[in-house]
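Each ligand, and each atom within it, is numbered from 1 in the order the structure gives.
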Amino acid sequence: MEERKVLYSAIQPTNNLTIGNLIGAIKNWTNLQNDYDCFFAIANMHAITVRQVPADLRQKTLSMLALYLACGIDPEKCTMYVQSHVPAHAELCWVLNSFTYVGEMERMTQFKDKSARHAENINMGLMDYPVLMAADILLYQTDVVPVGLDQRQHVEIARDIAQRFNNIYTPTFKIPEALYMKVGAKINDLLDPSKKMSKSAENPNGSIFLSDDRDTIIRKFKRAVTDSGSEVKFDPENKAGVSNLLTIYSVFTGKTIAEAEADFAGKGYGDFKLAVGEAVADKLAPIQKEQEKLLADKSYLEGVLRSGAERAAHTANKTLAKVYKKIGFYQL
Ligand code: TYM
């Protein structure tokens, strides 16, 4: 039997996830799980590069797993695990640090953004974040990494580091490819459609959180920024707000952008925004309900994480052993 290609992705268990995370990441994972050998991590080691409240981080870790499951990721098909449960991530990160240049890390857009936002805590972890992400991906001999567009630079640096290592030694790592979706690789803020919708946005009214209730969702969409025109048309250059809403509507209803435009031909922005809000609220409600149900069964969730960590470690340790051998670490 032909071996399936490997797919790897992860999300940090921080703050509240937004529909950007759902659309840019988890939704695609559920569609891809039948075609790839999938690893989905909960990136708690990345999360601590910004201060976290320990009890919250613990709680959000389980809640992230419950979300993966509630969105339909199947633990029989996919390996879901917590990053810190597989020590090979930290170990490979340390090795790769010696194959990464400080200048490369200083140039990373997300590092620059986060340094500006957390000027009081520009720690080494924040800077090293892309190297840990490279370790995540490379440990599994990953073929594809489905992510949103904001992670493009990080996947590229993972490829560079892998290539560099392979050139110095012999081919050791598979060179991964990023996978972006045609629709929804970048969902923007509802109040400032020039910015991505973010878990940590200053104004929470610009983001739809996966935990928002129906009324909140509809209220936020009603207030979404559009433009002075009146036509519901996809034109990201000139109609950033409307185009973002069309993208969200299209993803949540399964309609194409053209079908979405047709739904609102001759209608005003008010009707349009309400319809988008309702489509999102309708889809989120059952996910929220299922997530809550799953969270009540801690022993089931821990079982999934335990077997996930075991399977992940099995694969990761094979790559790590190869790396240790090549770089000359003495083996007993
Ligand atoms: P994180 O936790 O910030 O985001 C998780 C995923 O959600 C996508 N995303 C979006 N997509 C579309 N529109 C948006 N507004 C939006 N906001 C977020 C992100 O692109 C991402 O795919 N460093 C990663 C986590 C990570 C990882 C990895 C990913 C750690 N190791 C290895 C892939 C492979 C991160 O912070 O994502």
Side-chain angles (χ1 to χ4, degrees), residues 6-29 32 38-50 52 57 60-61 64 67-68 71 79 81-84 86 88-90 92-93 96 108-111 113-114 117 125-126 128-140 142-159 161-162 176-201 206-210 236 240 243-244 247-248 251 312 316:
V6 176
L7 179 150
Y8 188 95
S9 204
I11 301 186
Q12 299 186 67
T14 49
N15 300 329
N16 264 327
L17 291 199
T18 71
I19 55 167
N21 300 115
L22 185 70
I23 298 172
I26 308 174
K27 191 167 174 300
N28 304 320
W29 304 355
L32 295 162
C38 294
F39 292 88
F40 298 122
I42 300 169
N44 60 345
M45 290 163 66
H46 278 102
I48 60 161
T49 58
V50 171
Q52 303 294 334
L57 181 59
K60 281 175 180 157
T61 300
M64 178 73 74
L67 179 71
Y68 287 0
C71 289
T79 303
Y81 70 99
V82 176
Q83 192 181 27
S84 67
V86 180
H89 290 254
L92 182 62
C93 177
L96 297 182
M108 293 281 124
T109 328
Q110 203 169 87
F111 172 65
D113 286 354
K114 286 195 183 170
R117 264 193 283 136
L126 197 59
D128 206 26
Y129 182 114
V131 183
L132 178 59
M133 183 160 155
D136 295 346
I137 298 169
L138 300 178
L139 275 174
Y140 298 88
T142 300
D143 294 281
V144 295
V145 187
V147 279
L149 277 171
D150 62 322
Q151 297 297 320
R152 164 175 270 165
Q153 234 187 358
H154 292 159
V155 179
E156 271 165 23
I157 201 75
R159 290 165 56 90
I161 296 171
E177 302 269 353
L179 181 66
Y180 311 107
M181 292 298 128
K182 281 201 195 75
V183 177
K186 185 166 181 257
I187 297 299
N188 292 322
D189 192 276
L190 299 185
L191 298 177
D192 179 359
S194 68
K195 283 197 322 213
K196 82 160 180 176
M197 185 181 286
S198 161
K199 290 183 270 194
S200 46
S207 302
I208 303 292
F209 298 107
L210 298 186
S243 304
N244 189 42
T247 302
I248 295 172
V251 174

message = Nearest 0.5 angstrom please: Ile26 CD1 to Leu67 CG, how far?
response =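 Reported to 0.5 Å precision, the distance equals 4.0 Å.
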query = Is it true that a side-chain atom of Ser207 and a backbone atom of Met197 form a donor plus acceptor pair closer than 3.5 Å?
reply =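 Pair absent, no side-chain N/O of Ser207 close to backbone of Met197.
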Donor-acceptor under 3.5 Å (Glu177 side chain, Val145 main chain) =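 No, because the side chain of Glu177 does not come within donor-acceptor range (under 3.5 Å) of the backbone of Val145.
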query = Taking C-beta and beyond as the side chain, do Ile48 and Leu57 meet within less than 4.5 Å on heavy atoms?
reply =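 A side-chain contact under 4.5 Å exists here.
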With the criterion set at N/O pairs under 3.5 Å, what does the list of contacts between the protein and ligand 1 look like, atom names and distances included?
residue	atom	partner	partner atom	Å
ligand 1	2 (O)	Gln12	N	3.0
ligand 1	2 (O)	Lys199	NZ	2.9
ligand 1	4 (O)	Asn21	ND2	3.2
ligand 1	7 (O)	Asn21	ND2	3.1
ligand 1	11 (N)	Gly20	O	3.2
ligand 1	13 (N)	Ile187	N	2.8
ligand 1	15 (N)	Ile187	O	2.7
ligand 1	15 (N)	Met197	O	2.9
ligand 1	20 (O)	Gly148	N	2.8
ligand 1	20 (O)	Asp150	OD1	2.5
ligand 1	22 (O)	Gly148	N	3.2
ligand 1	23 (N)	Tyr129	OH	2.8
ligand 1	23 (N)	Gln151	OE1	3.3
ligand 1	31 (N)	Asp136	OD2	2.6
ligand 1	36 (O)	Gln12	NE2	2.7
ligand 1	36 (O)	Tyr129	OH	2.5

message = Under a 3.5 Å cutoff, is there a donor and acceptor pairing between the side chains of Asn44 and Ser84?
response =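 Yes, Ser84 and Asn44 have a side-chain donor paired with an acceptor closer than 3.5 Å.
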ring-ring contact (aromatic ring centres under 6.0 Å, His included) against Phe39, all qualifying residues, sequence neighbours excluded =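 Listed in chain order: Tyr140.
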